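Everything on this sheet refers to the single structure shown next.
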Amino acid sequence: MTDWPKPSAGSWTEHYPDLGTGPMSFEDSVSPEFYELERTAIFERAWLNVGRVEQLSKVGSYFTKEIAIARTSVLVVRDRDEQVRAFHNICRHRGNKLVWSEFPREEVSGSCRQFTCKYHGWRYGLDGGLNFVQQEAEFFDLDKPTLGLVPVHCEVWAGFVFVNLAAEPPQTLREFLGPMVLALEDYPFDRMTEWYEFRAENRSNWKLFADAFQEYYHVPGLHSQQVPGQVRKPDASFTCAHFQIDGPHRMVSTGGARRWTLPAEYMYPIERVTRSGLVGPWESPDIGELPPGINPGRVQPWGIDNFQIFPNIEILFYRGWYLIYRYWPTSYNTHTFEGTLCFQPADTVRKRVEHEVASVVFKEFALQDAGMLTGTQTALEQAYRTAGITGYPVNDQEILVRHFHKAVSDWVDDYHGAQAGAGR
């Protein structure tokens with residue numbers, strides 16, 4: 001593989017000296033106590049991407065999002081003024097969950113004119129206002145204007161719907177995203193509305209799966225059948241072309257080519273026939289001039305950009321399509337993974353088949369990473385409880401793993417340190 005030039009500091013990690021180069025502790029991924037600190041310091045304060053505007057195609061469209069780590073359910077809706085709003089999914093009468101279908105813990109979506117509580121029939125408008133109370137005269141001094149749904153801070157960037165559960169977010173969404181991410185906003189996300197969605201429950205800390213997609217050092221070993229033969233050699237190198245950090249966010253670019261092809265013996269027959277696979281259709285559609293945020297290192301030839309937006313979403317840009325990962329913590333050693341492949345709608349049968357093949361090959365690729373997670377989680381827990389291992393060497397290709405865990409630690413330390421200081 002190409003040996004890409006490193007910064008003048010001599011390595012990517014040393015280009016960001018605050019990261020350090022010593023062994024890393026992964027105690028943050030095995031500690032129930034740290035998980036509780038993340039809950040309040042990060043997931044109840046950071047901007048969280050819960051979906052896209054395509055899920056709210058018309059007035060009255062809605063969806064719910066279960067955020068287990070924050071112990072909350074959020075209702076997102078497009079109101080009569082076409083504004084995207086979010087509310088806590090709670091009826092103000094006796095606290096029943098307002099919007100759900102057959103199973104209260106499952107997410108739902110749909111369209112309606114108003115929301116009606118299943119328990120006692122209270123009704124709420126799309127703006128969250130309380131419209132109707134069954135047998136209203138039976139109540140004492142009922143103040144309906146104060147009993148609307150409790151709003152959640154909600155903002156939209158480039159079609160991505162974000163919520164913030166804090167009473168007062170420490171930053172606006174744009175301040176939180178920062179210049180590196182904002183430089184992506186002219187990408188034609190709105191044209192890529194053919195989606196292939198995957199969801200899996202994983203027995204590992206949420207950060208460990210994110211780690212797997214933040215470095216390509218593992219590719220020759222774990223994905224050996226999906227890389228060129230020269231990469232499989234024991235002394236071969238597989239390096240990325242560009243790394244970049246901006247606040248708590250980070251990105252990596254790989255080199256590439258106009259077409260991603262492997263020798264025939266390393267491809268499934270369906271890939272050869274359809275001319276599509278892991279990185280999408282071999283013949284990528286022209287989507288016009290890309291925004292300046294894509295390929296910020298100006299890598300030539302360029303392959304893939306992976307932008308990791310703190311805390312739990314990644315957006316990967318390929319030629320002509322993009323991919324979303326989200327990691328939702330459910331306990332200190334479990335999480336829900338969501339993956340969505342987003343293409344421009346196919347206008348021929350062949351293009352539709354190309355998209356289907358890409359989605360299936362992606363699923364296998366992701367399962368290879370996911371298959372390692374329980375082993376990693378259980379071994380790390382053993383390491384801290386019985387083996388006495390507290391540090392692990394991390395190389396320059398794993399710079400974003402180092403940065404990610406530092407960003408998590410910084411948010412926890414800053415918030416809880418300030419809370420402790422205020423309590424003195």
Side-chain angles (χ1 to χ4, degrees), residues 49 51-52 54-55 106-107 189 192-216 218-228 231 252 254 256 259-262 265-285 303-308 312-330 334-346 349-377:
N49 173 239
R52 280 198 50 84
E54 287 86 357
Q55 297 168 257
E106 292 187 1
E107 296 172 356
F189 296 105
M192 300 180 191
T193 56
E194 183 183 316
W195 293 356
Y196 298 81
E197 298 177 276
F198 300 92
R199 182 184 179 97
E201 304 302 323
N202 291 274
R203 295 184 178 181
S204 74
N205 185 273
W206 65 286
K207 296 184 292 296
L208 296 183
F209 207 174
D211 288 344
F213 291 119
Q214 295 184 107
E215 49 87 3
Y216 293 80
H218 71 278
V219 168
L222 187 58
H223 307 301
S224 59
Q225 80 279 21
Q226 291 168 313
V227 295
V231 177
V252 56
T254 70
R259 299 175 183 174
W260 176 273
T261 58
L262 298 174
E265 62 268 27
Y266 298 126
M267 290 189 290
Y268 295 117
I270 191 65
E271 292 180 274
R272 297 195 297 270
V273 171
T274 62
R275 299 173 64 81
S276 181
L278 179 61
V279 295
W282 294 2
E283 295 292 340
S284 300
I304 304 169
D305 275 355
N306 180 346
F307 284 80
Q308 294 120 33
N312 66 328
I313 177 176
E314 299 183 26
I315 307 175
L316 291 83
F317 296 90
Y318 296 79
R319 295 185 184 276
W321 66 285
Y322 75 98
L323 173 60
I324 302 171
Y325 298 150
R326 297 185 186 93
Y327 314 90
W328 294 103
T330 52
T334 61
H335 75 278
T336 300
F337 169 74
E338 299 171 347
T340 307
L341 293 82
C342 305
F343 299 97
Q344 294 186 72
V349 172
R350 180 179 183 85
K351 289 180 182 178
R352 180 59 185 261
V353 172
E354 290 174 357
H355 297 169
E356 296 276 359
V357 169
S359 69
V360 171
V361 177
F362 157 76
K363 184 177 181 180
E364 178 180 345
F365 182 80
L367 284 172
Q368 291 172 5
D369 289 288
M372 301 296 293
L373 295 176
T374 301
T376 303
Q377 183 71 40

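Computed from heavy atoms alone, side chains included, the values below leave out hydrogens, waters and symmetry copies. Not measured: the values here are computed from a predicted model. For this chain, numbers begin at 1 and follow the sequence in order.
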Taking side chain as C-beta onward, heavy atoms only, is E356 less than 4.5 Å from Y196? yes
To the nearest 0.5 Å, atom CG of L323 lies from atom OG1 of T340 at 8.0 Å
Decide yes or no on side-chain contact (heavy atoms from CB on, under 4.5 Å) for W195 and E54, but give the supporting numbers first. CA-CA 10 Å; W195 293 356; E54 287 86 357; 3.8 Å; yes
Any side-chain heavy-atom pair of W328 and T330 under 4.5 Å: no
Which distance, rounded to the nearest 0.5 Å, do you find between the CD of E338 and the CG of N49? 9.0 Å
Roughly how far, to the nearest 0.5 Å, is CG of N202 from CG of L373? 5.5 Å
With side chains defined as the heavy atoms from C-beta onward, is the minimum distance between R275 and P281 less than 4.5 Å? no
Tightest non-hydrogen contact, residues D369 and A212, listed as OD1-CB, 3.9 Å
Flag the pair Y216 / N306 as yes when at least one side-chain heavy-atom distance between them is below 4.5 Å, and no otherwise. yes
Taking all atoms of both residues into account, what is the closest heavy-atom pair of Y327 and E314, and its distance? OH-OE2, 2.9 Å
Evaluation steps, side-chain contact (heavy atoms from CB on, under 4.5 Å), between Q377 and L208: CA-CA 8 Å; Q377 183 71 40; L208 296 183; 3.2 Å; yes
Do you know which two heavy atoms are closest between S284 and G320, and how far apart they sit? CB-N, 4.5 Å
So for atom CZ, which belongs to R203, do other residues, nucleotides or ligands contribute more than 12 heavy atoms lying within a distance under 6.0 Å? no
Between W282 and T274, is there a donor-acceptor pair closer than 3.5 Å when you use the side chain of the first and the backbone of the second? no
Backbone N/O of V361 and side chain of E364: donor-acceptor pair under 3.5 Å: no
Close side-chain approach of Q308 to Y325, heavy-atom, < 4.5 Å: no
For P345 and T193, work out which heavy atoms get closest and say how close. CG-OG1, 3.3 Å
Closest approach of A358 and G280, non-hydrogen atoms and distance? CB-CA, 3.9 Å
Nearest heavy-atom approach of R352 to A346 is N-CB, 3.4 Å
Note: E194-K351 ion pair, threshold 4.0 Å (strictly below): no
Measuring only between side-chain heavy atoms, which start at C-beta, is T334 closer than 4.5 Å to E201? no
Would F198 and F362 count as a ring-ring contact (aromatic ring centres under 6.0 Å, His included) if you check the C-alpha gap in whole Å, the side-chain angles of each, and the deciding distance to 0.1 Å? CA-CA 10 Å; F198 300 92; F362 157 76; 5.7 Å; yes
Got a second to check how far F317's CZ is from I315's CD1, nearest 0.5 Å? 5.0 Å
Using the side-chain contact (heavy atoms from CB on, under 4.5 Å) rule, take I324 and C342 through it: C-alpha gap first, then chi angles, then the decisive distance, then the call. CA-CA 8 Å; I324 302 171; C342 305; 4.2 Å; yes
Would you call V252 and Q214 a side-chain contact if the rule is heavy atoms closer than 4.5 Å? no
Pair R199, E107 - check salt bridge (Lys or Arg N to Asp or Glu O under 4.0 Å), show working. CA-CA 12 Å; R199 182 184 179 97; E107 296 172 356; 3.7 Å; yes
Rounding to 0.5 Å, atoms CG (D211) and NZ (K207) come to a distance of 8.5 Å
Mind running side-chain contact (heavy atoms from CB on, under 4.5 Å) on F343 and E354 for me, showing each step along the way? CA-CA 10 Å; F343 299 97; E354 290 174 357; over 6 Å; no
With rounding to the nearest 0.5 angstrom, report the CZ to OG1 distance, F209 to T336. 11.5 Å
